[in-house]
There are 2 protein chains.
Amino acid sequence: MKIALSNFDKAFENRIRLQIMSVLVANDSYDFNSLKELLDVTDGNLASHLKALEKEEYITVNKSFLGRKPNTRYMASVKGISAFKKHLESLENLIKQQKS
Amino acid sequence: MKIALSNFDKAFENRIRLQIMSVLVANDSYDFNSLKELLDVTDGNLASHLKALEKEEYITVNKSFLGRKPNTRYMASVKGISAFKKHLESLENLIKQQKS
DNA sequence: GTAAAGTACTTTGTAATGCAAAGTAACATA
DNA sequence: TATGTTACTTTGCATTACAAAGTACTTTAC
């Protein structure tokens with residue numbers, strides 16, 4: 001028996017990044033401050049995790065102004081959604097592994 | 001919307017510990033060397049992750065001799081199985097979260 | 001009987017990661 | 001002028017992860 005974890009993704013090993021991706025897959029987009037409130041993290045911490053996901057090209061960023069305030073919105077990319085799904089499948093396989 | 005990750009368990013955030021628990025939940029017991037081979041990790045690394053799980057009382061250890069060689073077998077504890085299941089439920093909830 | 005090998009670690013050292021807090025820039029409002 | 005807001009970046013420290021080396025005890029090979 002070999003454990004099928006080939007699609008296990010290091011980018012999702014962290015709880016906050018996992019939550020971010022989950023939110024972005026379930027929602028069309030989410031902005032910085034809403035994410036910050038939802039996940040209850042400091043802005044610096046959130047920014048660094050978002051950047052890590054951006055570096056992997058798992059999310060895309062859209063900066064605009066809402067009224068006169070800057071608003072940064074994040075979206076899961078096609079690549080990100082795919083990687084996230086593979087990661088979840090990988091977890092499922094891990095869970096459903098048969099006895100040896 | 002609040003994200004339900006109350007049962008997300010730091011002990012299972014690491015890939016190797018997640019694999020170990022998965023193996024021990026799926027199998028009655030597993031010994032050190034088999035785990036080492038299965039997970040393809042160094043013995044030191046494996047020992048430290050096993051110890052972390054033992055510290056949480058998620059696994060139990062049984063030392064004996066197989067023939068004349070020492071054999072250390074690991075089993076998931078009731079507490080460990082429960083925590084693992086809660087962790088998986090937590091992941092499921094995360095995945096199934098509804099749109100806001 | 002001495003050397004080599006196996007089991008299951010512990011220790012060591014280093015690199016990577018995670019985090020809060022502070023700092024920053026650009027603009028807005030009072 | 002000064003205070004607030006957004007969305008960061010930087011800093012510094014603590015935790016974690018890991019390979020590699022070391023250890024103790026035993027067995028097997030020569």
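Chain A is the first sequence line, chain B the second, and so forth, proteins listed ahead of strands; every chain is numbered from 1.
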L18(B) vs E13(B) side-chain heavy atoms within contact, under 4.5 Å: no
Rounded to whole angstroms, how far apart are CG on N33(A) and P on dT6(D)? 5 Å
By side-chain hydrogen bond (donor to acceptor under 3.5 Å, both in side chains), which residues pair with N45(A), not counting sequence neighbours? H49(A)
Any pair counted as ring-ring contact (aromatic ring centres under 6.0 Å, His included), so long as it reaches residues 65-84 of chain A, sequence neighbours left out: F12(A)-F84(A)
Provide, to the nearest angstrom, the distance between the CZ atom belonging to F8(B) and the P atom belonging to dG18(C). 12 Å
Any side-chain to backbone donor/acceptor pair from Q19(A) onto L39(A)? Under 3.5 Å, distance only. no
So, using side chain to side chain contact (heavy atoms under 4.5 Å, CB included) as the criterion, who are the partners of K86(B) when residues are at least two apart? N7(B), S82(B)
Under 4.0 Å between any heavy atoms, over every strand shown, what does K63(B) touch: base, sugar-phosphate, or nothing? Just pick one. sugar-phosphate
L35(A) vs L50(A) side-chain heavy atoms within contact, under 4.5 Å: yes
Does a side-chain N or O of Y74(A) approach OP1 or OP2 of dA7(D) to a distance below 4.0 Å, or not? no
By the salt bridge (charged side-chain N to carboxylate O under 4.0 Å, His left out) test, which pairs, at least two apart or in different chains, include something from residues 72-82 of chain A? D31(A)-R73(A), E57(A)-K79(A)
If I take atom CG in residue L46(A) and atom P in nucleotide dA7(D), what distance separates them, rounded to the nearest angstrom? 10 Å
Per the under-4.0 Å heavy-atom filter, residues of residues 53-62 of chain A near DNA chain D come out as none
Can you tell me how far CG of N33(A) sits from NZ of K69(A), rounded to the nearest 0.5 angstrom? 9.0 Å
Across nucleotides 9-30 of chain D, 5' to 3', mark each nucleotide with B, S or - according to how protein heavy atoms within less than 4.0 Å reach it. B-------SSS-------S---
